[in-house]
Amino acid sequence: MKESQIVGEYIVIKALENGVNIIGLTRGQDTKFHHSEKLDKGEVMIAQFTEHTSAMKIRGRAQVLTKHGLCESGS
């Protein structure tokens, strides 16, 4: 997979309850937490996968929209 295919992927996260945590995880041999955000009900975050971010962990009830479709966490 080319780097240009990795960089630029966006997801939209809408909190369905207060205190939804979004945690960014790094690329490389050692996966580490590198960033976190907390959303309250109704707040929306647009996040992007980058050369540093390989995964995101979402804790709490939220709608997640990607190019692959809509899913709900914490249900």
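Both backbone and side-chain heavy atoms feed into the values below; hydrogens, waters and symmetry mates do not. These figures come from a predicted structure and were not determined experimentally.
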Can you list the steps and then say if I22 with M45 is a side-chain contact (heavy atoms from CB on, under 4.5 Å)?
CA-CA 9 Å; I22 302 163; M45 180 175 180; 3.6 Å; yes
For residues [X] and [Y], determine if any side-chain heavy atom of one lies less than 4.5 Å from a side-chain heavy atom of the other.
X	Y	result
I13	L39	yes
L16	Q63	yes
F49	I11	yes
L70	V64	no
Q48	E9	no
I23	H35	no

Rounded to the nearest 0.5 angstrom, the OG1-NE2 distance for T50 and H34 is 6.0 Å
Nearest-0.5 Å distance that lies between atom CG in N21 and atom OG in S36:
7.0 Å
With distance as the sole test, does [X] use its side chain to make a donor-acceptor pair with the main-chain N or O of [Y] at under 3.5 Å?
X	Y	answer
S54	T26	yes
N18	K41	yes
S73	G60	yes

Do Y10 and L65 share a hydrophobic cluster (ILVMFWY, side-chain heavy atoms under 4.5 Å, transitive)?
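Per the 4.5 Å side-chain linkage, Y10 and L65 are co-clustered.
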Does E43 come within less than 4.0 Å of K14, counting only side-chain N to carboxylate O?
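The answer is no: the pair does not qualify as a salt bridge.
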Is the number of heavy atoms from other residues, nucleotides or ligands under 6.0 Å of I46 CD1 greater than 12?
no
